[in-house]
There are 2 protein chains.
Amino acid sequence: MIRSESTEMYLKTILELGTGKEPVAISQVAERWGVTPVSANEMIKRLAEYGMIRHEPYKGVSLTETGLRQATNILRRHRLWERLLVDHLGVDWAESHDAACQLEHATAEAVTTALDAFLGHPTTCPHGNPIPDPGQPVNEAETRPLSTLEIGQQATIICIHPEETALLNYLAEHGIYPQRTVEVEEIAPLDGPLTVRVGEQRTVIGREAASRVHVAV
Amino acid sequence: MIRSESTEMYLKTILELGTGKEPVAISQVAERWGVTPVSANEMIKRLAEYGMIRHEPYKGVSLTETGLRQATNILRRHRLWERLLVDHLGVDWAESHDAACQLEHATAEAVTTALDAFLGHPTTCPHGNPIPDPGQPVNEAETRPLSTLEIGQQATIICIHPEETALLNYLAEHGIYPQRTVEVEEIAPLDGPLTVRVGEQRTVIGREAASRVHVAV
DNA sequence: CATGATTTTTAGCCATGCCTATAATTTTGT
DNA sequence: ACAAAATTATAGGCATGGCTAAAAATCATG
């Protein structure tokens, strides 16, 4: 009832979309998780009954203590799997996200612990996102979206967030991943694409995608 | 529809219980997989419709080409995970079975392949059972159940099959696992327990459990 | 402050997978 | 050959997690 794959995905989605204090709109959850708003609403109702989330009508949802703890755990499992898949099994950087999404719901606590130890207690996933300590909420790094840089500014890519396979594939093809240095060369008007330089390469990237690439100046 | 966790479990169960040519009784499937015969029957009907199994009424079920291929794949994933869990992550030998049962349904093909390569193409799981090559059916080793030995006979433990957590825990506690040598010292009448020597240790083991320990003389 | 957009709820429906209870059928053992 | 045991089928239910369609409530903006 409380640890089905569905409920876990909802909790994780709410955690990932929640930037800070403000609640997350149900429509956003529905869209990201690919269900209709009605379905999301029903599920949100159930999760609220279970005490995992708080629902302020017409505002959105936020996680309770319990919900936050569980969502954080799922995120932890997800990111640990990604590390194993990429670093040890040689699974593709972009593909690892989907694979971990499946595994995260099928992971016993003992496996999570063993995985963490085997990996040497890593602090970030291959896409740069922090791996929370067990029980602790994630503390986000000090970053800003690539889309907020100005022309000529240089920055280091910290993480891709929220992750999504199509996005990761696109970024991988263009050499955009954590640790690399980028410089914005041009910003098209009307929410148009950014032209950025990554190493020797020059790449054009849409505004929406750029807002998911977080950098430190 | 065709790759739900449930259907996978049914297919795997049928493969595990099927010793060779004869079909497997539905009641056996139901018992092993912990559902009522009625539920198993309904599921068997559906799987037959999907062309995964053949159902000969009052005889039992057997896998079709397609079903065999899929079931074999699941077994392959299961046993590869067990190897990773035990050999690399240090998960308990007995616990690894349940953990792998969960993971096997959440494993993409790319992950299976990567896992196999990382592990160096292992041929058996930690409980001694063969890891099938992709697409190939398993070919069982030449073994006989420990319960068929006579007093004084010595043999090498090859595998535990079918696996089950309670059984594995019991066996682990008594030092009974693949590669070890056993000698039968006493056989109680009326399907009673066997007294066996394993190394320096003397252990009493039930007939049912002994029938799941497969040895080579 | 009214109207249009958004959010929420209700109603009705579907598939999956499980259950119990009961009945019909086939197999098997004496 | 017949009764007991095993197998299969039918009927009716339940929970989860989806869906569409349509109505109701609230928000936001001109």
Side-chain angles (χ1 to χ4, degrees), chain A residues 1-14 17-18 21-63 66-67 70-71 74 101-102 104-106, chain B residues 1-14 17-19 21-63 66-67 70-71 74 101-102 104-106 191:
Chain A
M1 49 182 51
I2 272 174
R3 206 193 146 178
S4 74
E5 184 171 324
S6 259
T7 57
E8 290 202 342
M9 279 307 273
Y10 274 99
L11 291 178
K12 197 185 75 166
T13 304
I14 294 167
L17 292 179
K21 292 281 104 75
E22 336 80 69
V24 178
I26 293 184
S27 53
Q28 263 194 303
V29 177
E31 192 189 359
R32 171 123 174 96
W33 168 228
V35 298
T36 63
V38 176
S39 299
N41 238 282
E42 288 169 337
M43 198 64 195
I44 259 57
K45 218 192 303 174
R46 248 171 284 169
L47 286 173
E49 270 168 31
Y50 296 158
M52 310 301 284
I53 62 180
R54 235 172 287 106
H55 181 199
E56 298 168 59
Y58 300 100
K59 292 283 158 45
V61 292
S62 46
L63 297 164
T66 320
Q70 209 190 315
I74 300 159
C101 264
Q102 297 182 254
E104 70 192 11
H105 308 294
Chain B
M1 47 184 59
I2 272 175
R3 207 193 145 177
S4 75
E5 182 170 326
S6 259
T7 57
E8 290 202 343
M9 279 308 272
Y10 274 99
L11 291 178
K12 196 184 75 166
T13 304
I14 294 167
L17 293 178
T19 47
K21 292 282 104 75
E22 335 80 70
V24 178
I26 293 184
S27 53
Q28 267 194 300
V29 177
E31 193 189 358
R32 172 123 173 95
W33 168 228
V35 297
T36 63
V38 177
S39 299
N41 237 283
E42 287 170 336
M43 199 62 195
I44 261 54
K45 216 191 304 175
R46 247 171 285 167
L47 286 173
E49 270 168 31
Y50 295 158
M52 311 301 283
I53 63 180
R54 235 171 287 108
H55 181 200
E56 299 169 58
Y58 300 100
K59 291 284 158 43
V61 291
S62 46
L63 298 164
T66 320
Q70 209 190 315
I74 299 160
C101 265
Q102 297 182 255
E104 70 192 11
H105 308 293
D191 273 341

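Order of the sequence lines fixes the chain letters, A, B, ..., with proteins taken first and strands second; residue numbering starts at 1 for each chain.
With a 4.5 Å cut-off on side-chain heavy atoms, B:M9 and B:E104 count as touching. Side-chain contact check for A:L63 versus A:Q70: every heavy-atom pair is 4.5 Å or farther apart.
Note on B:S6: every side-chain N or O is 4.0 Å or more away from OP1 and OP2 of C:dT16. For B:T36, no side-chain nitrogen or oxygen approaches OP1 or OP2 of C:dC18 to under 4.0 Å. Listed pair B:H55 / D:dT8 meets the phosphate criterion, a side-chain N or O lying under 4.0 Å from OP1 or OP2. In this model, the phosphate group of C:dT16 is not approached by any side-chain N or O of B:Y10 to a distance below 4.0 Å at OP1 or OP2.
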Base versus backbone protein contacts along nucleotides 25-30 of chain C [heavy-atom cut-off under 4.0 Å; B, S, -]: BSS---

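Residues passing the side chain to side chain contact (heavy atoms under 4.5 Å, CB included) test with A:Q102 are B:A106, B:A108, sequence neighbours excluded. Residues that satisfy the side chain to side chain contact (heavy atoms under 4.5 Å, CB included) test with A:E5, not counting sequence neighbours, are A:H105. The side chain to side chain contact (heavy atoms under 4.5 Å, CB included) search around B:E56 returns B:P23, B:K59, B:S62, not counting sequence neighbours.
When all heavy atoms are compared, the tightest approach of B:I14 to B:V24 is O-CG2, 3.8 Å. The shortest heavy-atom contact between B:V61 and B:I26 is CG1-CG1, 4.1 Å.
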Could you tabulate the donor-acceptor pairs under 3.5 Å formed by side-chain atoms of residues 34-46 of chain A, not counting sequence neighbours?
from, atom 1, to, atom 2, distance (Å)
A:T36, OG1, A:S39, N, 3.2
A:T36, OG1, A:S39, OG, 3.0

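Only A:V38, A:N41, listed by number, bring a heavy atom of residues 38-46 of chain A to less than 4.0 angstrom from any atom of DNA chain C.
Considering only side-chain atoms of B:S27, the nucleotide from D:dG18, C:dT8, D:dT7 that sits closest is D:dT7.
Counting to the nearest Å, the P atom of D:dG17 and the CG atom of A:L11 are 12 Å from each other. When rounded to the nearest whole Å, the span between CH2 of B:W33 and C1' of C:dC18 equals 11 Å. In this structure, the CD1 atom of A:I53 is 11 Å from the P atom of C:dT8, given to the nearest Å. Rounded to an integer number of Å, the gap from CD of B:Q28 to C1' of D:dT7 is 13 Å. Rounded to whole Å, the distance from CD on A:E5 to P on D:dA15 is 22 Å. Protein atom CD1 of B:I26 is 11 Å distant from nucleotide atom C1' of D:dA9, rounded to whole Å.
The salt bridge (Lys or Arg N to Asp or Glu O under 4.0 Å) pairs that include a residue from residues 30-41 of chain A are A:E16-A:R32, A:R32-A:E164, where partners are two or more places apart or lie in different chains.
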